Amino acid sequence: MDEQALLGLNPNADSDFRQRALAYFEQLKISPDAWQVCAEALAQRTYSDDHIKFFCFQVLEHQVKYKYSELTTVQQQLIRETLISWLQAQMLNPQPEKTFIRNKAAQVFALLFVTEYLTKWPKFFFDILSVVDLNPRGVDLYLRILMAIDSELVDRDVVHTSEEARRNTLIKDTMREQCIPSLVESWYQILQNYQYTNSEVTCQCLEVVGAYVSWIDLSLIANDRFINMLLGHMSIEVLREEACDCLFEIVNKGMDPIDKMKLVESLCQVLQTAGFFSIDQEEDVDFLARFSKLVNGMGQSLIVSWSKLIKNGDIKNAQEALQAIETKVALMLQLLIHEDDDISSNIIGFCYDYLHILKQLTVLSDQQKANVEAIMLAVMKKLTYDEEYNFENEGEDEAMFVEYRKQLKLLLDRLAQVSPELLLASVRRVFSSTLQNWQTTRFMEVEVAIRLLYMLAEALPVSHGAHFSGDVSKATALQDMMRTLVTSGVSSYQHTSVTLEFFETVVRYEKFFTVEPQHIPCVLMAFLDHRGLRHSSAKVRSRTAYLFSRFVKSLNKQMNPFIEDILNRIQDLLALSPPENGYQSLLSSDDQLFIYETAGVLIVNSEYPAERKQALMRNLLTPLMEKFKILLEKLMLAQDEERQASLADCLNHAVGFASRTSKAFSNKQTVKQCGCSEVYLDCLQTFLPALSCPLQKDILRSGVRTFLHRMIICLEEEVLPFIPSASEHMLKDCEAKDLQEFIPLINQITAKFKIQVSPFLQQMFMPLLHAIFEVLLRPAEENDQSAALEKQMLRRSYFAFLQTVTGSGMSEVIANQGAENVERVLITIIQGAVEYPDPIAQKTCFIILSKLVELWGGKDGPVGFADFVYKHIVPACFLAPLKQTFDLADAQTVLALSECAVTLKTIHLKRGPECVQYLQQEYLPSLQVAPEIIQDLLSII
């Protein structure tokens, strides 16, 4: 072996050596006999360096996994012998190999097993057991091999081909017949031998039992001698977590409902007698988390049994199963309320399914009602934040609590289905008592009280948020709580979580303010002052900006008396902060977008006459335009690239803000009706010069382009005079991405204005195509994937543009480009349909071709087009599907094929018998298609 290259395997080696080692590994993988050198090195223990041993196993692994069938019988025998002799050597080694080497060796054994067990090595396990016997090192490797085999055969995370899946099923069937009883016996011997002397090996063995129990005969494990031993392990501190997991796997095994019920009940009896149900005595939270998972498994198994028995009409046994479930509820509640969230989280599945049973029962017993109430109180308590939660810098623990809260929310929703009245009454009780004394109550209790009110909105669903009509008792309860929320002064509570929950809830129940509009002013003030948009926390300000926008939008009819006051109060929040003044704005530019949108909504939906709306809109947008002009001049003069970038950002924000105000307009309240056309045309004239700025082109063009998209919708034909000059600037010095983003703008104009923009389209058609072709023809590195992807996306955009032109009845735009240009365009469409392995583009190309055939394919079509149909379009319909890359397993390709068929049908429709004759006598025979197949095809066409 190349000793120099092997030096690079050491993690501390420098990058040159590491590169050489990688290259060497690739070389050995390709070499037909290098694996033999590695096999010999392992068998004869040539190297003591761990990384070299690992490397040798990697080379062997590659050989077994990918090239095993190429080996002769003698060579295959050599690999078997190498592994066995390596295993034998482990029995004598003074020190065991490192864990990573043992795991890699186990993987190689497992790969060889799945390859050879059914054919050449049926005695695999007996050979290994005869080597390892009960030697602890050998047992360790034996158990690792078993786990690796289970991974190969059963692990659902590993993607298998259908052939591998069939092979794995056959291996498991053969193992069940031939060796599983012996393996189970070996596990029992290992557990018995090592349970008090070697906890590591015992835990490994328990893991193996847990893994295999899902697919072997359960009676081999679920019997007195095994279960008693496992229960014994539950009392040994170093073993009990693994024993718990093993029992969980046994309980989880699918089986007859009555047998399952008996198994679970006998297990519970023993565990209860042994004192495991007295969890308040237990201090080890790691064990309790596993125990909670086991109880959850037992509870859910009993519920599955109950469901099956009910379905089978076995009422007597179903009643027994329900009784068994009920006796576990007290334990479930203890675990659910436990202060450790992992323990609580592990039992939620049982709790959820138990509530599902209660939902199906027509009458609940007093005990069941008490259980529902106990679950409800537990959920309310567990929803509460703890003291350690870090609101300012949320990390992994905080993320886990947020996930846990989501699980609790599902429980709350299920509680609402079982007993909505009880849930409403419980929440009302907690909410009222907390809000009465909020000034002296800890933040987490105040937050959870408001949170529960918020959660009721989804737990007690109604259509369109109509919580305050319909059911009188429910509407009254919610109305009372909302009134308390907005009048109690709790919005002033000095904690971000309470503040945010207040605003979230106010917006969630916005319909309350249509019933009691007198509370709107005090809530608006909360949004606008230090409690909301001017809060000391950026997180609160940011969220409030979004919620304020929603609040105003949903209550726009009630906002009229407050519009001017709100606009005055948010004036400073609308300021565009240029980079040089060093002033740190209260809101980020993203948050300001919501404030601009809110201002737009207030103006547009007001009851003011059009002149007043126009004046207010001008007041809103003029500062942006003035600032834009100044900043653009500064950008033109800026030398420093960083300063250029920050100025361009600021300009882009100005355009974005103006764009966002236009979202307020609708079909009912158009720009024209509000008298605002002039203001937006002024904006357009202000922003368009940015397109000719040679600096920071990407960001400036992107902003102006987005604004143009909006103006096409809002101003309609009034925008048209600006389009030619804007397009001309946007086509200068284009990159693929620029064109890709420009084409949708042209498509929007074409589809919306159709014939109105025909002269403009005819004029810019070839310049646009030249810009596209120029970018597509630029040479790129062979393996530059991002450049290849950019070109693919640009090609798609180009074909989408042609599709829009032909589909909008504007085919004359293409026809008027001169014969040479028309032919060039048509050839690119044929190439798109056939040459490029991109089914999305192919589909578009066939749509264009069938449209052109429909428009031009008749007797009065353009000169030479009929020849083009037979020379290029007909062959394309056959050549595209014949390509190797045309994958019919792909859904997009099937759609492309469908459009290809439509194209052929359209040709037949337009050309009639002539088309049939051409296919029958000329084209298909030239492809050596058999006459009967030609006949079949033509009869379908």
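The basis for the numbers below is simple: all heavy atoms, side chains too, and nothing from hydrogens, waters or symmetry mates. Values in this document were obtained by computation on a predicted structure and should not be read as measured data.
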[X] and [Y]: which non-hydrogen atoms are nearest, and at how many Å?
X	Y	value
V604	C674	CG1-SG, 4.1 Å
P420	L460	CB-CD2, 3.8 Å
L602	I563	O-CD1, 3.4 Å
S677	V671	N-CG1, 3.4 Å
L533	L587	O-CD2, 4.3 Å
V552	M559	O-CG, 4.1 Å

Supply the atom-to-atom distance [X] [atom1] to [Y] [atom2], rounded to the nearest 0.5 angstrom.
X	Y	atom1	atom2	value
K539	S497	NZ	OG	8.5 Å
L331	L336	CG	CG	11.0 Å
I343	S292	CD1	OG	7.0 Å
R429	L377	CZ	CG	6.5 Å
F657	F707	CZ	CZ	13.5 Å
M625	L576	CE	CG	13.0 Å

Close side-chain approach of [X] and [Y], heavy atoms under 4.5 Å:
X	Y	value
R428	D480	yes
T505	M482	yes
L500	E447	no
L456	M481	yes
M444	H495	no
T706	V655	no
D529	R569	no
E241	D284	yes

Please say whether more than 12 non-hydrogen atoms of neighbouring residues, nucleotides or ligands are located less than 6.0 Å from [atom1] in [X].
X	atom1	result
E396	CD	no
E607	CD	no
Q494	CD	no
K474	NZ	yes

Worksheet item: Under 3.5 Å, is there a donor-acceptor pair between the S537 and H535 side chains?
Response: no
Using modelled atom types and a 3.5 Å cut-off, is there a donor and acceptor pairing between side-chain atoms of [X] and backbone atoms of [Y]?
X	Y	answer
S606	I603	yes
E445	R442	no
Q592	L573	yes
E403	A399	no
R534	L528	yes
N556	K553	yes
E510	V507	no
T622	N619	no
N437	T440	no
S542	A538	no

Go through it in stages, so that I can follow the logic: the residues are L383 and M455, the test is side chain to side chain contact (heavy atoms under 4.5 Å, CB included), and I'd like the CA-CA distance, side-chain angles, deciding distance and then a yes or no.
CA-CA 11 Å; L383 276 167; M455 289 166 106; 3.9 Å; yes
So [X] and [Y], would you call those rings parallel, tilted or perpendicular, with 30° and 60° as cut-offs?
X	Y	value
F287	F276	tilted
F350	Y354	perpendicular
F548	F527	tilted

Original post:
Would S491 and F503 count as a side chain to side chain contact (heavy atoms under 4.5 Å, CB included) if you check the C-alpha gap in whole Å, the side-chain angles of each, and the deciding distance to 0.1 Å?
Top reply: CA-CA 8 Å; S491 58; F503 286 119; 5.7 Å; no
(request) Any chance you could lay out the side chain to side chain contact (heavy atoms under 4.5 Å, CB included) test for T384 and R451, step after step, and finish with the verdict? (result) CA-CA 9 Å; T384 312; R451 180 80 178 172; over 6 Å; no
Is it true that F551 and F513 have ring centroids separated by less than 6.0 Å? yes
Q. What about the rings of Y389 and F443, do their centers lie closer together than 6.0 Å?
A. no
*Is R405 positioned over the aromatic face of Y385, cation under 6.0 angstrom from the ring centre and no more than 45 degrees off axis?*
yes
Tell me whether the NZ or CZ atom of R531 lies within the 45° cone about the ring axis of Y493 and under 6.0 Å from its centre. no
Worked check of side chain to side chain contact (heavy atoms under 4.5 Å, CB included) between K328 and M298: CA-CA 9 Å; K328 315 291 177 293; M298 293 195 291; 5.9 Å; no
Result for salt bridge (Lys or Arg N to Asp or Glu O under 4.0 Å) between E458 and one of R414, K409, K406 points to K409
| Could you go step by step and tell me if S345 and D342 meet the side chain to side chain donor-acceptor pair (under 3.5 Å) rule? | CA-CA 5 Å; S345 172; D342 287 340; 5.9 Å; no
- Worked check of side chain to side chain donor-acceptor pair (under 3.5 Å) between D413 and Q417: CA-CA 7 Å; D413 292 347; Q417 293 168 4; over 6 Å; no
Practice prompt. Give the intermediate values and the outcome of side chain to side chain donor-acceptor pair (under 3.5 Å) for residues E373 and S426.
Written response: CA-CA 8 Å; E373 192 154 10; S426 304; 4.8 Å; no
*In terms of side-chain geometry, is the basic nitrogen of E564 or R612 positioned less than 4.0 Å from the acidic oxygen of its partner?*
yes
### Query
Salt bridge or not for E504 and R543, using N-O below 4.0 Å?
yes
